[in-house]
Amino acid sequence: MEGVRVLAISTSPRRGGNSEALLDRAVSGALCAGAEVEKVILHDFQVSPCLEKRGCEKTGECVIQDDYPFFYERFLSVDRIIMACPVYFMGVPAQAKALVDRCQCIWMRKYRLKKRIEATDGVGRRGYLVSAGAFKSPGTFDCLMKVMKYFYLTLDMEFAGDVCIDGVDAKGDIEKHPQTLEAAYRLGAAAGTP
Ligand SMILES: Cc1cc2nc3c(=O)[nH]c(=O)nc-3n(C[C@H](O)[C@H](O)[C@H](O)COP(=O)(O)O)c2cc1C
């Protein structure tokens with residue numbers, strides 16, 4: 001059997017930042033588990049926000065012409081997604097929200113057109129989150145978590161784990177938290193395991 005297909009998406013516009021460092025550790029874990037991993041930087045793609053043209057209502061496909069089809073094709077076919085998000089204004093960054101909102105076409109497929117996304121035989125579809133925020137407060141990840149759980153539900157993926165750390169702000173702060181990086185590695189290993 002081929003390795004589990006994992007799509008790892010870094011949504012921060014800051015390259016090499018805290019959430020991307022967590023993602024990189026997760027990618028290492030997934031590769032070590034034998035997975036086939038594709039890592040992408042969302043900021044390198046043109047993904048418009050949803051424009052509510054509602055073209056997807058009949059077809060389940062988005063009518064906006066940009067780079068979204070790259071993600072659409074993978075969202076329907078990969079076994080696992082690991083999304084890395086910094087916390088922006090208590091939620092996901094605009095880049096990540098645009099991508100999530102564009103999955104309205106997948107919502108239409110699922111709930112209106114009644115088309116489920118088939119899992120690979122014997123391999124469950126699962127979604128994961130790694131996240132970094134600056135403020136040490138109990139609710140730092142609440143909003144972001146709700147968005148991500150609904151995103152994965154729409155994609156017919158079980159939300160299977162997260163590693164979230166607060167109190168990290170400057171680039172490189174995450175390196176002071178080896179246990180959290182280790183937790184991200186374990187998350188990736190789980191994501192990469194059938
Ligand atoms: C526009 C913006 C909004 C932010 N809002 C929050 C916030 O609401 N809560 C928080 O804890 N941190 C907030 N932060 C801090 C980032 O979450 C933090 O610096 C994080 O480590 C950045 O991750 P990155 O290096 O992966 O981009 C904000 C940062 C920016 C640039």
Side-chain angles (χ1 to χ4, degrees), residues 6-33 35 37-51 66-68 70-71 74-75 78 80-103 126-153 155 157 159-192:
V6 179
L7 177 65
I9 310 172
S10 179
T11 72
S12 175
R14 178 162 73 172
R15 286 305 315 267
N18 297 315
S19 59
E20 191 181 345
L22 288 171
L23 186 68
D24 285 343
R25 292 306 297 268
V27 165
S28 298
L31 287 170
C32 233
V37 185
E38 182 176 26
K39 179 192 163 189
V40 295
I41 306 297
L42 182 55
H43 191 61
D44 291 344
F45 293 80
Q46 296 292 325
V47 178
S48 151
C50 174
L51 301 177
D66 61 5
D67 292 335
Y68 177 69
F70 173 93
F71 292 95
R74 284 159 179 76
F75 288 165
V78 298
R80 310 282 152 78
I81 296 173
I82 309 172
M83 190 94 113
C85 294
V87 182
Y88 276 12
F89 278 79
M90 301 304 283
V92 297
Q95 291 87 344
K97 191 61 166 61
L99 180 62
V100 166
D101 289 357
R102 289 291 291 284
C103 293
R126 295 192 213 132
Y128 298 82
L129 168 72
V130 293
S131 183
F135 306 137
K136 282 200 157 293
S137 109
T140 294
F141 301 98
D142 289 1
C143 206
L144 184 141
M145 199 68 84
K146 281 193 175 159
V147 171
M148 292 309 299
K149 284 184 175 171
Y150 195 52
F151 168 67
Y152 286 130
L153 177 70
L155 265 52
M157 284 190 164
F159 182 76
D162 65 274
V163 172
C164 296
I165 178 164
D166 59 15
V168 292
D169 198 10
K171 195 170 168 177
D173 274 355
I174 192 67
E175 301 303 329
K176 298 172 202 154
H177 300 273
Q179 288 182 346
T180 306
L181 288 164
E182 185 55 33
Y185 180 90
R186 287 196 302 273
L187 177 147

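Please read all numbers here as calculations on a predicted model, not as lab measurements. Numbering of ligands and ligand atoms starts at 1, following listing order.
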Part of Asn18 within contact of ligand 1 (heavy atoms, under 4.0 Å): both
query: So does Lys39 pair up with Glu20, basic N to acidic O under 4.0 Å?
result: yes
message: Checking the N or O distance criterion of under 3.5 Å, is ligand 1 in contact with Ala170?
response: no
message: Contact between ligand 1 and Val168 is defined here as a heavy atom of the residue under 4.0 Å from a ligand atom; is it met?
response: yes
- prompt: Which heavy-atom pair separates Ser48 from Asp66 by the least distance, and what is that distance?
  reply: N-OD2, 2.8 Å
- line: Smallest heavy-atom separation, Ile82 atom then Ala26 atom, equals CD1-CB, 4.1 Å
- request: Report yes or no: does Met90 have a heavy atom closer than 4.0 Å to ligand 1?
  value: yes
field: Gly133: numbered ligand 1 atoms lying under 4.0 Å from its heavy atoms
entry: 11 (O), 17 (O)
field: Phe71 side, atom CZ; Cys103 side, atom SG - distance, nearest 0.5 Å
entry: 9.5 Å
- request: Quick one: look at Ser12 and ligand 1, take heavy-atom pairs under 4.0 Å, and tell me if it's side chain, backbone, both or neither.
  value: side chain
message: Is it the case that ligand 1 has an N or O less than 3.5 angstrom from some N or O of Ala134?
response: yes
task: Examine Thr140 against ligand 1 and note whether any of their N/O atoms are separated by less than 3.5 Å.
output: no
- request: Select the closest option to atom 11 (O) of ligand 1 among Phe135, Tyr88, Phe89, Phe141, judged by heavy-atom distance.
  value: Phe135
statement: Here the atoms of ligand 1 under 4.0 Å from any heavy atom belonging to Asp169 are 15 (C), 18 (C), 19 (O), 21 (O)
- request: Taking the side chain as every heavy atom from C-beta outward, state whether Arg80 and Tyr128 have any pair of such atoms under 4.5 Å apart.
  value: yes
- line: Per-atom filter on ligand 1: closer than 4.0 angstrom to a heavy atom of Ala132 are 17 (O), 20 (C), 21 (O)
statement: Of all heavy-atom pairs linking Ser131 and Leu22, the shortest is O-CD1, 3.7 Å
- prompt: Which atom pair, heavy atoms only, marks the closest approach of Ser137 to Asp166?
  reply: N-OD2, 3.8 Å
- prompt: What do you reckon, does Val87 have a nitrogen or oxygen under 3.5 Å from a nitrogen or oxygen of ligand 1?
  reply: yes
Candidate with minimal heavy-atom separation from atom 23 (O) of ligand 1, of Pro93, Gly172, Pro86: Pro86
- prompt: To the nearest 0.1 Å, how far is atom 26 (O) of ligand 1 from its closest protein heavy atom, and which atom is that?
  reply: Ser19 OG, 2.5 Å
message: Phe75 vs Phe151, test: ring-ring contact (aromatic ring centres under 6.0 Å, His included). Steps then yes/no.
response: CA-CA 11 Å; Phe75 288 165; Phe151 168 67; 5.6 Å; yes
query: Hey, what's the ring geometry for Phe45 with Phe70, parallel, tilted or perpendicular (30° and 60° as the breaks)?
result: tilted
- prompt: So how far is it from Leu51 CG to Arg102 CZ, rounded to the nearest 0.5 Å?
  reply: 7.0 Å
field: Atom indices of ligand 1 within 4.0 angstrom of Gly17 heavy atoms, with elements
entry: 25 (O), 26 (O)
